[in-house]
Colleague: 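Below is one structure. I have some questions about it.
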Amino acid sequence: MAFANEVTETATGETAPLVNDAGNASFFTQLSDSLQSWVQKGPVAYMVTLITGLLLILVGKLLIFWFCRFLKKVFSKSKKINDLMARFVIQVVNIFGWIILVILFLQHMGINMAPVLTGLGITGVILGLAFQETIGNLLSGVMIVIISPFRIGDYIDSGSFSGTVTDMDLICITLSTPDNKKITISNKLVWGNPIVNYSDMEKRRVDLILSVAYGSDVQTVKEVVNSILATYPEILPDPAPMVEVHKLNASSVDYIVRPWTKPEDYWKVYWRFHGEICKKMEDAGIVIPFNQLDIHLVPDSITVVNGK
């Protein structure tokens, strides 16, 4: 029966403690033993081991770099993998590549990593409880990459935030707002809210409301609006713009105007229409009303009796 304190004779005639199969020796104990072993071997042997270890890191770094570069080229030619997914996968490969490289380096330096890796199982449970948010962000990022609700460059709404997606990593997503603000949102927060993508479709409908006074000719209003929309090169011919009576308000008749355009031309059409419609309606003799209240004064000679 073997005991944890059993000793064995080395090639130099010295004795060194044996590590039992359960891997009771801690990482720092192994590191201390390795340092003592390097001291006993002498500076030359230590430098040779260190230099070969550094060469191992250099070669591993080059392999990781070239492999990530190879993946980038493959992803750029694939139609099924977008930029967001490519960046995420390359980041994951790069991180795991360095973890493996560090383990190989420590193993090369004489530190037995088997007990350490075994202990990582229990440590992983503890760290998992301590970093629930970080793990949640990582898993949410994986789901975003798999489902692919948006791409780099898409304009999206997520919760109360809006902006153009500029970057994504294992933890967060970066948005750029039209007024040049940078918004960083955790992957978990983005995945946990409805995601509205304004750039994913080829066409987008512009919903415009036009209010005119009661008594305005319906056909004239439609002709004026259609004549304005016909001058917009951003408006798509198919489907054709729609102009219809939408609602009868207290002081106005509301028309709904719905042209179709490309997502990047949405605001051009929206702002231009509102800037031109007042002058065009005025030229056509159509009044655009504002909220008003008519007050009728009762003459003093009229006496109200019993509410009549």
Side-chain angles (χ1 to χ4, degrees), residues 149-151 153-165 175-181 183 193-308:
F150 53 79
R151 301 168 181 260
D154 286 354
Y155 190 89
I156 67 169
D157 281 348
S158 179
S160 59
F161 301 99
S162 302
T164 302
V165 181
L175 302 180
S176 176
T177 63
D179 55 347
N180 203 28
K181 293 179 182 177
I183 302 178
N193 283 288
I195 300 173
V196 181
N197 190 337
Y198 295 100
S199 305
D200 189 58
M201 308 302 291
E202 295 181 357
K203 301 176 183 179
R204 186 179 175 189
R205 191 182 69 190
V206 185
D207 288 345
L208 305 166
I209 300 295
L210 172 64
S211 299
V212 300
Y214 276 97
S216 302
D217 183 69
V218 174
Q219 190 60 34
T220 303
V221 173
K222 292 184 177 182
E223 290 176 356
V224 173
V225 173
N226 285 320
S227 65
I228 296 174
L229 299 179
T231 63
Y232 291 16
E234 298 88 358
I235 293 180
L236 303 174
D238 184 26
M242 184 186 70
V243 182
E244 296 292 344
V245 176
H246 177 60
K247 187 178 182 181
L248 302 178
N249 277 325
S251 301
S252 66
V253 179
D254 291 351
Y255 287 75
I256 186 73
V257 182
R258 290 177 171 175
W260 289 81
T261 183
K262 294 181 179 180
E264 59 268 21
D265 296 329
Y266 179 92
W267 291 110
K268 295 180 183 178
V269 174
Y270 186 91
W271 288 323
R272 182 179 171 185
F273 180 84
H274 285 90
E276 295 179 351
I277 190 62
C278 292
K279 184 65 170 60
K280 295 293 184 180
M281 286 297 174
E282 183 181 350
D283 294 342
I286 299 174
V287 177
I288 296 182
F290 53 89
N291 290 332
Q292 55 187 346
L293 178 65
D294 293 337
I295 300 177
H296 299 275
L297 298 178
V298 179
D300 294 339
S301 59
I302 299 177
T303 304
V304 179
V305 180
N306 297 327
K308 300 183 179 179

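Note that the structure is predicted; figures quoted are calculated from it, not measured.
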Colleague: For the residue pair Ser162 and Leu175, what are the closest heavy atoms and their distance?
Modeller: C-CD1, 4.2 Å
Colleague: So does Asn180 have more than 12 non-hydrogen atoms from other groups sitting under 6.0 Å from CG?
Modeller: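 No, the 6.0 Å shell around CG holds no more than 12 heavy atoms from other groups.
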Colleague: Rounded to the nearest 0.5 Å, what separation is found between the OG1 atom of Thr177 and the CZ atom of Phe161?
Modeller: 11.5 Å
Colleague: Assess whether salt bridge (Lys or Arg N to Asp or Glu O under 4.0 Å) is satisfied between Lys268 and Asp265, documenting all intermediate values.
Modeller: CA-CA 5 Å; Lys268 295 180 183 178; Asp265 296 329; 3.6 Å; yes
Colleague: Looking at Ile288 and Cys278, what are the two nearest heavy atoms and their distance?
Modeller: CD1-CA, 3.9 Å
Colleague: Between Val253 and Tyr214, is a side-chain contact (heavy atoms from CB on, under 4.5 Å) present by the stated rule, with each step listed?
Modeller: CA-CA 6 Å; Val253 179; Tyr214 276 97; 3.6 Å; yes
Colleague: Counting distance only, does the side-chain N/O of Asn197 pair as donor-acceptor with the main-chain N or O of Pro149 below 3.5 Å?
Modeller: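 Such a contact is found between Asn197 side chain and Pro149 backbone.
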Colleague: Of the non-hydrogen atoms in Pro263 and Tyr198, which two are nearest, and what is the gap between them?
Modeller: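 Here Pro263 and Tyr198 meet closest at CB-O, 3.4 Å.
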Colleague: Can you measure from CD1 (Ile256) to NZ (Lys247) and round to the nearest 0.5 angstrom?
Modeller: 11.5 Å
Colleague: Roughly how far, to the nearest 0.5 Å, is NE2 of His246 from OG of Ser211?
Modeller: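 Going from OG on Ser211 over to NE2 on His246, the span is 9.5 Å.
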Colleague: Is there a donor-acceptor pair under 3.5 Å between the side chain of Ser252 and the backbone N or O of Asn249?
Modeller: no
Colleague: Can you tell me how far CG of Asp217 sits from CD1 of Ile286, rounded to the nearest 0.5 angstrom?
Modeller: 7.5 Å
Colleague: For Glu234 and Val269, work out which heavy atoms get closest and say how close.
Modeller: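 Glu234 and Val269 have their closest heavy atoms at CB-CG2, 3.8 Å.
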Colleague: Look at the rings of Tyr270 and His274 and say which category their plane angle falls in: under 30° parallel, 30 to 60° tilted, over 60° perpendicular.
Modeller: tilted
Colleague: Kindly determine whether Val243 and Val221 satisfy side-chain contact (heavy atoms from CB on, under 4.5 Å), including the steps that lead there.
Modeller: CA-CA 9 Å; Val243 182; Val221 173; 5.5 Å; no
Colleague: Taking atom NZ of Lys262 as the centre, report whether more than 12 heavy atoms of other residues, nucleotides or ligands fall under 6.0 Å from it.
Modeller: no
Colleague: For the NZ atom of Lys280 and the OG atom of Ser227, what is their distance to the nearest 0.5 Å?
Modeller: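 Those atoms lie 6.5 Å apart.
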Colleague: Taking all non-hydrogen atoms of both residues into account, name the closest pair between Ala213 and Pro289 and its distance.
Modeller: N-CD, 3.3 Å
Colleague: Could you tell me whether a side-chain N or O of Lys181 sits under 3.5 Å from a main-chain N or O of Gly163, the two making a donor and an acceptor?
Modeller: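 Between the backbone of Gly163 and the side chain of Lys181 there is no qualifying donor-acceptor contact (under 3.5 Å).
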Colleague: Could you check whether any side-chain N or O of Tyr155 sits under 3.5 Å from a backbone N or O of Pro178, counting only pairs where one atom can act as donor and the other as acceptor?
Modeller: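 Between the backbone of Pro178 and the side chain of Tyr155 there is no qualifying donor-acceptor contact (under 3.5 Å).
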Colleague: Return the minimal non-hydrogen interatomic distance between Thr164 and Gly153, and the atom names on each side.
Modeller: CG2-O, 3.5 Å
Colleague: Calculate, to the nearest 0.5 Å, the distance between atoms CZ and CD1 belonging to Arg272 and Ile228 respectively.
Modeller: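 The CD1 atom of Ile228 is 9.5 Å from CZ of Arg272, to the nearest 0.5 Å.
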Colleague: Can you check whether Pro239 reaches Lys203 side chain to side chain, under 4.5 Å on heavy atoms?
Modeller: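 The answer is yes; the side chains approach within 4.5 Å.
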Colleague: Determine, step by step, whether Val225 and Tyr255 satisfy the side-chain contact (heavy atoms from CB on, under 4.5 Å) criterion, reporting the C-alpha distance in whole Å, the side-chain angles of both residues, the deciding distance to 0.1 Å, and the verdict.
Modeller: CA-CA 10 Å; Val225 173; Tyr255 287 75; over 6 Å; no
